[in-house]
Amino acid sequence: MSDKKRERVVILENKEIADQIFDMWIQSESIAKLAKAGQFLDLYCEDGSRLLPRPISICEIDGIKNMLRLVFRIAGKGTEEFSRKKAGMYLDVIGPLGNGFPIKKKSACIIGGGIGIPPMLELAKQLDCEKNIVLGYRDKLFLYEEFQKYGKVYAATEDGSFGTKGNVLDAVLEHGIQADIMYACGPLPMLRALKAYAGEKNIECYVSLEERMACGIGACLGCVCKSTKTDTHTNVRNKRICKEGPVFEAGEVNF
Amino acid sequence: MNLNVDLAGISLKNPVMTASGTFGSGEEFSEFVDLNRLGAVVTKGVALVPWEGNPTPRIAETCGGMLNAVGLQNPGIDLFIKRDIPFLKKFDTKIIVNVCGKTAADYCEVVKRLADQPVDFLEINISCPNVKEGGIAFGQNPKQVEQITKEVKKYAAQPVIMKLSPNVTDITEMARAAEAGGADILSLINTLTGMKIDIHKQTFVLANKTGGLSGPAIHPVAVRMVYETARAVKLPIVGMGGIQTSEDAIEMMLAGATAVAVGTANFHNPFVSEEIIDGIEKYLKEQNILDVKELIGAVNEYN
């Protein structure tokens, strides 16, 4: 049967950790036990005028206590509704959705930009190898300290207030970071730059993509990205981000 | 209590089906819904060859609804016959294949290919607002509606459902044209063409600029059109448009629909199609109605 569940989860904690960015822990029945780094949940709104579930990446998994951590930014009315939820309140969710990151034992560079940072935390925790972690921020840091446990952490800020002034690739170059594999999540221009860099240096590269979604489970074909080869399911050069993704080997998709 | 309804002489175990394009070919939703419980599964539109669909973003949420401009992405009839029909055959439900095309010949070719396949009905999509050729181009002119219906009927081995667009001045004109062309059943409504603009980026939210509006926001429009159409033609109607609860489904049947299709609501609640069946059953019990068919067109005049 299904490895996806719909659950009414209890919120254990929800607090703002940076401007408009919220850190929420939820208690699930079985989703946390099934979840992998890089997968996401669909969160439903209570307000019936907002029909579509919001895809939110999983930031941390506690499979033993069956808890999940979601760190999200307010991007509209739906995420604003979630930000107002207090401990003890409920949320309807389905998950885990999508494929997640492949866990390989190679010298890794983990790169997160902006709200693409949260899903990299569980990955950093799970990877058992040499890890360099590069985090890109506009100005204010979040989750930065927590990554320290899992590897050597570098930061870049657009305004230069902390770490390298510029973007994550500027930080990679400044520190001469070497890797056999790169994992990245963040804005499209960042992912494009990293794909090109990884291509030049012949580094294996995985990117996590996002797109406006409707069903979240692969039925509606709303959230596709272009693939370099014909996809076996869609039979065209489109891959479903919610189903075959959100994580893709950079060479298999055009973005 | 009887939940069975008849469409063109074929009995459905209940009047609830899924709306094309919202349910794939059932595989993804089968992780949440017992397909055996549904009156029918209506597949996403399939064309003669694979279609890539429109660029992204294809989806935009609106108040009480959503816009989509998927553009009929589909794997083509060959893979569909090889993979999707055998999947659906594993379940005890009727199979309705939605057919799309760029030309009349395209539609006919797909219909021919389906003639020896174990499908129960064909739904002919002449109402998709998101493609440049075919789709709605066939559905906005009564002469063309009649013509394409006639063409398709020449080759169809299964009963033909013509799916009508609400983006017309008078939907009953199109309904009569489809009836004149030999349609067995009508389904309505497809989505209403809409647009959303991002005021921060000052650009369109959808890459296609326009998309089809669906969801509870359009339900009253759909009820009105089903009511008008039911009074204009003798054909049975599959009513759809914003059905999200059993109350919405019952309303649609009272307006004149023989069966109903649940679409966008599947995105809001993947279990909704089964919940609607349960809700209809509960309503019939409460109302002491022994046969769901008694609801069809049973709305009374206001007095």
Side-chain angles (χ1 to χ4, degrees), chain A residues 1-8 42-55 75-79 92-95 97 188 209-227 230-244 253-255, chain B residues 18 21-32 44-46 49-80 82-83 205-207 211 214-217 242 244-245 263-271:
Chain A
M1 195 41 199
S2 170
D3 61 347
K4 301 183 191 78
K5 309 285 176 197
R6 181 177 71 165
E7 285 185 12
R8 173 156 286 189
D42 256 356
L43 276 59
Y44 295 91
C45 296
E46 255 175 55
D47 185 321
S49 71
R50 296 195 273 279
L51 301 174
L52 301 178
R54 272 52 177 173
K77 287 174 183 161
T79 39
D92 286 321
V93 309
I94 57 170
L97 303 176
L188 272 184
L209 301 181
E210 63 173 354
E211 183 52 75
R212 284 173 185 273
M213 294 183 181
C215 73
I217 58 172
C220 74
L221 306 181
C223 67
V224 298
C225 64
K226 287 287 161 203
S227 54
T230 298
D231 175 68
T232 52
H233 178 86
T234 66
N235 210 21
V236 291
R237 282 201 260 182
N238 284 341
K239 285 185 180 290
R240 300 171 294 182
I241 291 178
C242 69
K243 186 88 175 178
E244 281 80 43
V253 286
N254 292 324
F255 51 88
Chain B
T18 58
T22 65
F23 211 72
S25 286
E27 191 191 340
E28 294 81 12
F29 272 97
S30 69
E31 296 191 42
F32 299 96
K44 171 140 185 81
V46 62
V49 294
W51 288 7
E52 293 209 353
N54 288 325
T56 56
R58 294 174 168 185
I59 302 289
E61 190 180 66
T62 62
C63 189
M66 65 174 281
L67 293 166
N68 92 80
V70 171
L72 295 174
Q73 178 185 326
N74 77 88
I77 190 67
D78 290 337
L79 183 59
F80 181 84
K82 202 170 117 194
R83 177 185 66 195
V205 175
L206 297 173
S214 62
Q244 186 155 255
T245 63
T264 298
N266 293 306
F267 305 156
H268 184 61
N269 170 9
F271 299 88

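Computed from a predicted model, the values in this text were never measured in an experiment. Lettering of chains follows the sequences in order, A, B, ..., and the numbering in each one begins at 1.
Neither the backbone nor the side chain of A:S227 comes within contact range of chain B; no heavy atom of the residue lies under 4.5 Å from a heavy atom of that chain. For a residue to count as touching a neighbouring chain, one of its non-hydrogen atoms must lie under 4.5 Å from one of that chain's; by this rule A:K77 does not touch chain B. Proximity to chain A is limited to the backbone of B:T62, based on heavy atoms less than 4.5 angstrom apart. Looking at B:D78, there are no atoms closer than 4.5 Å to chain A (heavy atoms on both sides), in backbone or side chain.
Formation of a donor-acceptor pair under 3.5 Å by the B:N269 side chain with backbone atoms of B:N266 is not found in this model. With hydrogens and angles ignored, the 3.5 Å screen pairs a side-chain donor or acceptor of B:E61 with a backbone N or O of A:L52. Proximity of a side-chain donor or acceptor of B:N54 to a complementary backbone N or O of B:A69 within less than 3.5 Å is detected. Proximity of a side-chain donor or acceptor of B:N74 to a complementary backbone N or O of B:V46 within less than 3.5 Å is not detected.
Listed options B:G71, B:G76, B:G65 were ranked by heavy-atom pairs under 4.5 angstrom with chain A; first place goes to B:G65. In terms of heavy-atom pairs under 4.5 Å with chain B, the best-connected choice from A:T230, A:L221, A:D92, A:T234 is A:L221. The greatest number of non-hydrogen atom pairs below 4.5 Å with chain A, out of B:M66, B:K44, B:H268, is found for B:H268. Annotation: maximal heavy-atom pairing with chain A below 4.5 Å, among B:G64, B:A265, B:S25, occurs at B:G64.
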Can you give each donor-acceptor pair under 3.5 Å made by side-chain atoms of residues 212-220 of chain A, sequence neighbours left out, with the distance rounded to 0.1 Å?
none

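Applying the ring pair (Phe, Tyr, Trp, His ring centres under 6.0 Å) criterion to B:F29, with sequence neighbours excluded, gives B:F23.
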